[in-house]
Amino acid sequence: MDTQQSTSPPSKPPAAAPEVEEAPRVLPSIEEIGAWIEGEDLPSLSNLFNLLVLKRFDALVMQIRKEELVPQHWQVISDRTIADVEEFERFAEVGRLQSKYQDSEVGQRRIEVLKIVWLELAGKRPSLWTVADLLAGMRRIIEQGLEVDYHDLLCAIRDVWTDLTYPHGREQLEVLWALLAFVRQKTKK
């Protein structure tokens, strides 16, 4: 039996990789949100919602309700019926969106994400949605872990509401602007 001990120094644990700081998210300004409501493109808008987990989303919605930006009686959807997907394609607002977007790829992405929320809202027609419906659909997306582009979703519903000839669309755009401005104030970089 060899009783000699090794004379080599004990090995050091490998050095930990230096922590890489994440760049702060680019958040839209209140002025940019206003320009977006009027039809400008604003990809950074999705940064207001991209990292939200369900618990944080619910807390944010509670703050939104306290500010009375959505009705106090609003509740999340607990039960839903599966809608006929072919019905979605026949809605006038979907047809208008298809003809509105010059870039067919962008149009298709936005219509698809609108369809996802439409299904989560048990087939409620997008032209009849309120901001509270939009929040309910977003909550279901987060709850189920669905991958969506919030910029495309918000642009699609903005464009649906913009194209409406009755006051409902303008009212919802005003509520959406106020909600996005509020979320922007509550979001950290």
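The two residues Gln98 and Ile111 come nearest to each other via the heavy atoms CG-CD1, 3.2 Å. Of all heavy-atom pairs between Val131 and Gln172, the closest is N-OE1, 2.8 Å. Between Ala136 and Leu121, the shortest heavy-atom contact is CB-CD2, 4.1 Å. Contact detail for Lys124 and Leu128: the closest heavy-atom pair is CE-O, 3.6 Å. Scanning all heavy atoms of the two residues, the minimum distance from Val26 to Ser44 falls at O-CB, 3.5 Å.
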Check: Checking side chain to side chain contact (heavy atoms under 4.5 Å, CB included) for the pair Phe57/Leu135: CA distance, chi angles, key distance, verdict?
Finding: CA-CA 9 Å; Phe57 182 81; Leu135 289 173; 4.0 Å; yes
Next item on the list: In sequence, state the C-alpha distance, the side-chain angles, and the governing distance for Arg90 and Glu87, and then conclude on side chain to side chain contact (heavy atoms under 4.5 Å, CB included).
Entry: CA-CA 5 Å; Arg90 293 190 294 264; Glu87 180 182 357; 3.9 Å; yes
Next item on the list: Go through Ile116 and Glu112 one step at a time and tell me if the side chain to side chain contact (heavy atoms under 4.5 Å, CB included) criterion holds.
Entry: CA-CA 6 Å; Ile116 290 169; Glu112 284 303 311; 5.6 Å; no
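Cluster membership for Val175 and Tyr166, using ILVMFWY side-chain heavy atoms within less than 4.5 angstrom, is shared. In the hydrophobic clustering of this structure, Val53 does not group with Ile64; members are Ile, Leu, Val, Met, Phe, Trp, Tyr whose side-chain heavy atoms approach within less than 4.5 Å, directly or through other members. Residues Val106 and Val160 are members of separate hydrophobic clusters, defined by side-chain heavy-atom contacts under 4.5 angstrom among Ile, Leu, Val, Met, Phe, Trp and Tyr.
With respect to Asp41 and Arg110, a salt bridge is recorded, a charged nitrogen being found less than 4.0 Å from a carboxylate O. Salt bridge Arg109/Asp149: absent, no basic N to carboxylate O contact under 4.0 Å.
Leu154 CG to Leu134 CG: the interatomic distance, rounded to the nearest 0.5 Å, is 6.0 Å. Rounding to the nearest 0.5 angstrom, the gap separating the CG atom in Leu180 from the CD1 atom in Ile30 is 9.0 Å. Atoms CG and CE, on Leu60 and Met138 in that order, are 9.0 Å from each other to the nearest 0.5 Å. Note that the CG atom of Asp159 and the OH atom of Tyr101 stand 3.5 Å from one another [nearest 0.5 Å]. Asp152 CG to Leu114 CG: the interatomic distance, rounded to the nearest 0.5 Å, is 10.5 Å. Taking CZ from Arg184 and CG from Leu179, the interatomic distance works out to 14.0 Å, rounded to the nearest 0.5 Å.
The closest side-chain heavy-atom distance from Arg96 to Leu164 is below 4.5 Å. Side-chain contact between Phe49 and Leu153: absent, with no pair of heavy atoms (C-beta onward) separated by less than 4.5 Å.
Between the side chains of Asp133 and Thr130, at least one donor N or O lies within less than 3.5 Å of an accepting N or O. Residues Tyr150 and Asn47 have side chains that never bring a donor and an acceptor to within less than 3.5 angstrom of each other. Between the side chains of Gln144 and Glu120, at least one donor N or O lies within less than 3.5 Å of an accepting N or O. Using modelled atom types, one finds no donor on one side chain facing an acceptor on the other under 3.5 Å when comparing Glu67 with Gln63.
Taking the ring axis of Trp161 as reference, the NZ or CZ atom of Arg170 does not stay both within 45° of it and closer than 6.0 Å to the ring centre.
A donor-acceptor pair under 3.5 Å links the side-chain atoms of Glu32 to the main chain of Ser29, judged by distance alone. Listed for the Trp36 side chain is no donor-acceptor partner under 3.5 Å among the backbone atoms of Leu45.
Residues satisfying the ring pair (Phe, Tyr, Trp, His ring centres under 6.0 Å) criterion with Phe88, sequence neighbours excluded, are Trp118. With sequence neighbours left out, Glu93 forms a side chain to side chain donor-acceptor pair (under 3.5 Å) with Arg125, Ser127. The side chain to side chain donor-acceptor pair (under 3.5 Å) check on Glu89 picks up Lys115, with sequence neighbours excluded.
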